[in-house]
Each structure stands twice: as C-alpha cells, then as structure tokens.
Amino acid sequence: MIETNDRGHDPKARRRRCFIVGGVILLLLLLLFIFVLILALTVFKPKEPRTELLSATLEGISPRISFSPVSIQLNIILNLTLLVKNPNHASFKHGPGKSYLLYQGDQVGEADLCPGLIPSKGTQTLPSQLTVEVDEMATHISALISDVLQGQLVIETRTRIPGRVSFLKIFKKHAVATSDCRLAIAIPSMKIQSQECKSKNFECLFPATFGS
C-alpha cells in the first residue's frame, strides 16, 4: 500500500505562508516609507530658493526740471538681471514672478518674470525690465525735485518668484524666491552709484560696478 503525503496541499499551511509573505512585504514597504520620510525631513528638507542681483543698468535720459510751471520730465528704464539659486536636492518649479519698482515706498513700475524649472542644485538667470511710470512719480514731485537737485535718486526694487519644491513627486512644499534692492542713481550722469540687496535667508552688500 502506498501512502499519499498531502501536507504540501494543506489549505491552512498555504494560507499561513501567504499571510507571512504578505506581512513581510507590508513591513518592507513600511520601512521604505519611513526611510524616504526621514530623507525628506533631513537630507532633502526643502529650503527657500535664493535670489541674487547680477547686474543693473539704466536706459533713458536724466530727469529735467521746469519751474514755470513746476514739472519734471522722466524717461528711465531699469534693466535687472537676476540669478535664482535652488539649494535643494529636488527641482524648483516656479510660476510667473513679479518685479516692482518703488519710490518713496510707493510702486512706480512693475515687470513680469517668465515661469520655469530649476533643477536640483541648479541656477537660472531671469531678465527684468522696469519702466518708471511718470504719473506715479508725480505724486512725490517735491521729493523728486529735491533728489534731482541734490544729484542722487534713490529707488527700490522688490522681486517675488513663487513656486514649488518637489521631491520624488510625493513631498511638495511651496517656496518663494525673494529679492529686495535699494539703488542710488547719480544725476545727471545716470549711473548707479551703489546698491544694497537682500533675499530671504541671504544678504549681499556690494558696491556697484555698472555703468549707464
């Protein structure tokens, strides 16, 4: 008589093996998720992009003052070249940005910045052309005339570039690259005498070396 061994076909043993294999797979997936989460919160923790002003040049003619009646003629265009640095181990995808031109704290011009994608640890150069809006400057005619007579015009620029840092397309964080600059323009030579710029978590102070 031949005895048949049915232990290999035992449904309970088969289910037990399936439970064990499934448990091991779930445990491995859980460990992998924890590992990725730790990386995302430490090594790959999102950081704010940094913005640096590479150059600033002027176009136009020197402001002219007329005293009968009192008026001032302006034709100034400020060309900026901005460098956006992505310090993250993940890409930074940014939408349209804005550059604002201010005088005496009020906006007197603005320009749009194109959207783009900056790779991990990469950089991107963005041009910005700001035209002074004469009507807006006219609200500070007394201060403007005083600055022109003293031979120096101080203006400010503010740049905001919103975007998102994405790691493995799972962990995402909104980030904004910022830059605030203060520029002193010599009148009537129309040259930038000095500039002081700040960006989030980053500050740079340097004398201007740019001509008109």
Side-chain angles (χ1 to χ4, degrees), residues 28-60 76-103 105-133 136 155-183 192 194-212:
L28 291 175
L29 290 175
L30 179 60
L31 291 175
L32 178 61
F33 176 79
I34 294 174
F35 176 72
V36 172
L37 182 61
I38 292 174
L39 286 179
L41 296 177
T42 55
V43 178
F44 297 102
K45 183 179 180 180
K47 301 175 184 177
E48 296 289 347
R50 296 178 177 181
T51 305
E52 178 182 346
L53 179 62
L54 291 181
S55 67
T57 59
L58 290 171
E59 296 179 17
I76 299 176
I77 297 176
L78 178 62
N79 296 304
L80 304 178
T81 302
L82 302 166
L83 180 68
V84 183
K85 300 179 180 180
N86 178 19
N88 294 285
H89 292 276
S91 61
F92 173 59
K93 183 177 182 180
H94 63 86
K98 279 278 191 180
S99 285
Y100 302 94
L101 187 64
L102 298 98
Y103 177 70
D106 291 334
Q107 181 179 325
V108 295
E110 67 176 59
D112 294 325
L113 299 173
C114 297
L117 177 67
I118 306 177
S120 168
K121 297 292 184 178
T123 60
Q124 183 180 23
T125 302
L126 295 175
S128 175
Q129 188 177 75
L130 294 156
T131 302
V132 174
E133 298 173 3
E136 299 296 335
I155 58 176
E156 298 177 358
T157 64
R158 293 179 183 173
T159 301
R160 300 292 182 270
I161 306 174
R164 177 181 295 177
V165 177
S166 178
F167 172 60
L168 295 180
K169 297 184 179 181
I170 300 176
F171 302 99
K172 298 179 180 180
K173 180 185 177 182
H174 290 283
V176 180
T178 68
S179 176
D180 296 335
C181 293
R182 184 176 182 272
L183 301 98
I192 298 177
S194 64
Q195 60 188 40
E196 176 182 339
C197 295
K198 297 179 181 179
S199 63
K200 195 177 181 88
N201 298 327
F202 181 72
E203 178 174 346
C204 60
L205 300 175
F206 46 95
T209 57
F210 313 111
S212 59

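- The side-chain hydrogen bond (donor to acceptor under 3.5 Å, both in side chains) test applied to S120 returns no partner, not counting sequence neighbours.
- In terms of the side-chain hydrogen bond (donor to acceptor under 3.5 Å, both in side chains) criterion, residue partners of E110 (sequence neighbours excluded) are, by chain and number, K98, Q107.
- Side-chain contact between V176 and I161 is absent, with no heavy-atom pair separated by less than 4.5 Å.
- Interatomic distance, CG of L130 versus CG of L58, reported as 11.0 Å (0.5 Å rounding).
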- Query: Would L101 and T131 satisfy side-chain contact (heavy atoms from CB on, under 4.5 Å), going step by step from the backbone distance to the final call?
  - Reply: CA-CA 8 Å; L101 187 64; T131 302; over 6 Å; no

| message | Please determine whether side-chain contact (heavy atoms from CB on, under 4.5 Å) holds for the pair V108 and L102, giving the CA-CA distance in whole Å, both sets of side-chain angles, and the decisive distance to 0.1 Å. | response | CA-CA 5 Å; V108 295; L102 298 98; 5.7 Å; no

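- The minimum heavy-atom distance between I192 and A56, with the atom names listed, is CD1-O, 3.3 Å.
- The two residues A175 and V165 come nearest to each other via the heavy atoms CB-CG2, 4.2 Å.
- Interatomic distance, I76 CD1 to Y103 OH, rounded to the nearest 0.5 Å: 10.0 Å.
- The CZ atom of R182 sits 12.0 Å away from atom CD of Q195, with the distance rounded to the nearest 0.5 Å.
- Residues satisfying the side-chain hydrogen bond (donor to acceptor under 3.5 Å, both in side chains) test with Q124, not counting sequence neighbours, are H94.
- With sequence neighbours left out, N79 forms a side chain to side chain contact (heavy atoms under 4.5 Å, CB included) with T57, E59, I77, Q129.
- Shown here for P162 and P96, the closest heavy-atom pair between the two residues is CD-O, 3.7 Å.
- Rounding to the nearest 0.5 angstrom, the gap separating the CG atom in L30 from the CD1 atom in I34 is 4.0 Å.
- Here T51 contributes atom OG1 and L83 contributes atom CG; the two are 8.5 Å apart, rounded to the nearest 0.5 Å.
- For R160, the salt bridge (Lys or Arg N to Asp or Glu O under 4.0 Å) partners are D180, not counting sequence neighbours.
- Partners of S99 under the side-chain hydrogen bond (donor to acceptor under 3.5 Å, both in side chains) rule, at least two apart in sequence or in another chain, are S128, T159.
- In this structure, CG on L82 lies 7.5 Å from SG on C181, to the nearest 0.5 angstrom.
- Counting heavy atoms from C-beta on, the side chains of T123 and I118 never come closer than 4.5 Å.
- Side chain of N86 to main chain of G122: no donor-acceptor pair is present (N/O by atom type, distance under 3.5 Å, no hydrogens or angles).
- The shortest non-hydrogen separation linking S55 to L53 is O-CD1, 3.3 Å.
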